[in-house]
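Structure record follows, encoded as C-alpha cells.
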Amino acid sequence: MPAAPLQDVDVLVIGGGQAGLAAGYYLNRLRRDEASGRSGPAPSFAILDANPETGGAWQHYWSSLELFSPAAYSSLPGYPMPGWEGGGNPSADHVAQYLRTYEGRYKLPVHRPVRVASVRAATGGGYLTDTDRGQWTSRVVINATGSWSRPYVPLVPGSNRFTGQQLHTADYRGPEPYAGRNVVVVGGGNSGAQIAADLAQAAAVTWVTRHPPRYLPDDVDGRALFDIATRRVRALAAGEPAPAGVADLGDIVAVPAVRKARDAGLLRARPMFSRFVPDGVQWEDREQLDADVVIWCTGFRPDLQHLQALDLTTRNGVPATDPALPTRSADSPALFFLGYGDWCGPSSATLIGVGAAARDTVSAAQMAQMAPGFTAR
Ligand code: FAD
C-alpha cells in the first residue's frame, strides 16, 4: 500500500468531540469572513478524530444518562440544541445527534477514524503530527482529546486477588447485566451517584465514597453552575473578592433520577473500603462484604499521551498554561488545550462553557500562525 501523503494545514485540531467542533465553528467563521471580504486570509484547518462516529464521549455514555441542564442551556456556539421531547433534560443520545447535525451544518473538515500517535516540534517551526493514517504538519495544534479514553482507578490492596468483576464508568452501559447481583459502586461524584441510582432498582447496591456525599441544592442545575463559575471568573479577573465556586457548594448535581433514589433512601453512602478480599471488599475494622462487581466511578485524566515528545512543563499534574489565556500552553504560543476542565478555561468541559474557550483559542491561534518568525517552541 502506498504511504499516505504528508498533509499540511495552518491549524490542526486533535479530537472531534464537542470541544473540537466548537473550535471548528470559530475556524470556519474565519473562513466565512474571508469569503465575504470582512477579513483577511483565514487559516486552513483540519480536525482529526479517533472515534468512528461523531459525538465524542457522548456516543459511549449509558442510555439513561440525562444532562444536568435543559437543551436551551446545553448549546455549542452558533446553533442552539433543539428541544428535547422526552421530558426533563436531554439524553446522551440527543447530544450525540445534536453534535452530528452540528458537524454537518457547518461542513466541518473532520477526518475519522484517525488516531494521533504523537506530536513533535518540526524542524524550522510548527508541529509534525504522526497518525495511524499518515503525517500532518501545522503551525498550530489545538488539543481537544477529552478524557474518556483515560479512566482513572485508584490502587487498592488485594485488587488482583478479587475474583469478581471490576469495571469503570467508561464501561458502564446500563443496569441489565447486574440484575440480582451484589454491586459496589465507588465514587462520590456525579457518575457515582448517577450509576448507583441507575442500578438501585435492579441490583443490591452498596455505594462507597471517600467523603460523605455532598449534593448541590436541588434547584442548582447546569445553567446555575455555569452562572456560578462565570461570576467567580469575572470577579477574579477584576481583582474583586471571589464568590463561592461550584466546588464550594457540592459535588453532585441532584438530577431527577438521583433525587428520586436519594429520597427513597436508596443512596446511603458508606466510607471507602480499605482492601479487597477474594470474594468482596473489607473495611479497616475487618467488616467484610461479598461483592460480584465493583464499579469504579473515580474519574478520568486528560488524554494527552500523544504530547509526550514535547516534554511539556506540568503544574498540579496537568500541562502548565498561560495565566493570560488558560487554553494556551505555557511552553509554546501555538499549542492549546481545549475542553478538559477549569485548568484550561472555566466550565470548558461543558457544552455551554466550551464556546467561550474555543472563541478565545481560535483568535489566539490565528495570531500565533500569522506571527512573523513563528517557531513552535
Ligand atoms: P470528548 O467528548 O471525549 O471528545 C474527544 C474526542 O477526541 C473523542 O472523539 C476521541 O475519540 C478523540 N481523541 C482522543 N484521543 C485522540 C487521539 N490521540 N487522536 C485523535 N482523536 C482523539 N457536560 C455537560 O455539558 N452537561 C452534562 O450534563 C454533562 N454530564 C456528564 C455526565 C457524565 C457522567 C460525564 C462523564 C460527563 C458529563 N459531561 C457533561 C461532561 C462532558 O460529557 C464532557 O466533558 C465532554 O464530552 C468533553 O468533550 P470533549 O470534546 O472535550 O471530549
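What you are looking at is a predicted structure, and each value in this text was computed from that prediction instead of being measured. Remember, it's 1-based here, ligands and their atoms both numbered in the order they're listed.
Aromatic ring pairs are classed by plane angle as parallel below 30°, tilted from 30° to 60° and perpendicular above 60°; the pair W343 and Y340 is parallel. Ring planes of Y102 and Y79: tilted class, angle from 30 to 60°.
The nearest protein atom to atom 40 (C) of ligand 1, hydrogens excluded, is given as W58 CH2, 3.6 Å; this is a heavy-atom distance. When hydrogens are left out, the protein atom nearest atom 36 (C) of ligand 1 is Y61 OH, 3.7 Å; that is the closest non-hydrogen contact. T145 CG2, 3.9 Å is the protein heavy atom nearest to atom 13 (N) of ligand 1. When only non-hydrogen protein atoms are considered, atom 49 (O) of ligand 1 lies nearest to Q18 CG, 3.2 Å. Closest protein heavy atom to atom 7 (O) of ligand 1: G15 CA, 3.2 Å. At the shortest separation from atom 25 (O) of ligand 1 among protein heavy atoms lies L351 N, 2.8 Å. For atom 12 (C) of ligand 1, the closest heavy atom belonging to the protein is D49 OD1, 3.1 Å. The single protein non-hydrogen atom nearest to atom 27 (C) of ligand 1 is F68 CD1, 3.5 Å, given as residue, atom name and distance.
Counting atoms of ligand 1 from 1 in the listed order, those under 4.0 Å from a heavy atom of G339 are 52 (O). The contact set between ligand 1 and A19, taken as ligand atoms under 4.0 Å from a residue heavy atom, comprises 51 (O), 52 (O). Atoms of ligand 1 lying under 4.0 Å from at least one heavy atom of G146, given by number and element, are 3 (O), 5 (C), 52 (O), 53 (O). Against a heavy-atom cut-off of under 4.0 Å, N51 is close to the following atoms of ligand 1: 8 (C), 9 (O), 10 (C), 11 (O). Every atom of ligand 1 is numbered from 1 in the order shown, and the set under 4.0 Å from a heavy atom of A57 is 1 (P), 2 (O), 3 (O), 47 (O). The contact set between ligand 1 and A349, taken as ligand atoms under 4.0 Å from a residue heavy atom, comprises 23 (N), 41 (C), 42 (C), 44 (C), 45 (O). Residue contact check: G17 has heavy atoms under 4.0 Å from atoms 4 (O), 6 (C), 51 (O) of ligand 1.
Note on ligand 1: S74 sits outside its first shell, no heavy atom being nearer than 4.0 Å. Residue contacts with ligand 1 include V114, since one or more of its heavy atoms lies under 4.0 Å from the ligand.
Side-chain N/O atoms of Y98 and S74 include no donor and acceptor closer than 3.5 Å. Looking at T54 and R112, their side chains do bring a donor and an acceptor atom within 3.5 Å of each other. Of the N and O atoms on the side chains of N51 and H60, at least one donor lies less than 3.5 Å from an acceptor on the other residue.
Heavy atoms of L65 found under 4.0 angstrom from ligand 1 belong exclusively to the side chain. Counting heavy atoms under 4.0 Å from ligand 1, residue A117 does not touch it at all. With a 4.0 Å heavy-atom cut-off, ligand 1 is reached by no atom of Y340. Counting heavy atoms under 4.0 Å from ligand 1, residue D303 touches it through the side chain alone. Heavy atoms of W62 found under 4.0 angstrom from ligand 1 belong exclusively to the side chain.
A heavy-atom distance below 4.5 Å is not found between the side chains of V281 and T206. Looking only at side-chain heavy atoms (C-beta outward), D198 and Y172 come within less than 4.5 Å of each other.
Residues I295 and I195 share a closest heavy-atom pair of CD1-CG2, 4.3 Å. Residue P77 comes nearest to Y26 through the heavy atom pair CB-OH, 3.4 Å, listed as atom of the first residue, atom of the second, then distance. Listed here is the closest heavy atom pair of V184 and A291: CG2-CB, 3.8 Å. Closest approach of A364 to R328, counting heavy atoms only: CB-NH2, 4.0 Å. The shortest heavy-atom contact between A42 and E34 is N-OE1, 3.0 Å. Here the closest heavy-atom approach between residue T327 and residue C344 is recorded as CG2-O, 3.1 Å.
Electrostatic pairing of D303 and R150 does not count as a salt bridge here, judged by no charged N lying under 4.0 Å from a carboxylate O.
Inclusion of L338 in the set of residues having an N or O under 3.5 Å from an N or O of ligand 1 is not warranted.
Selection from T129, V116, I14, T131 by nearest heavy atom to atom 18 (N) of ligand 1 gives V116.
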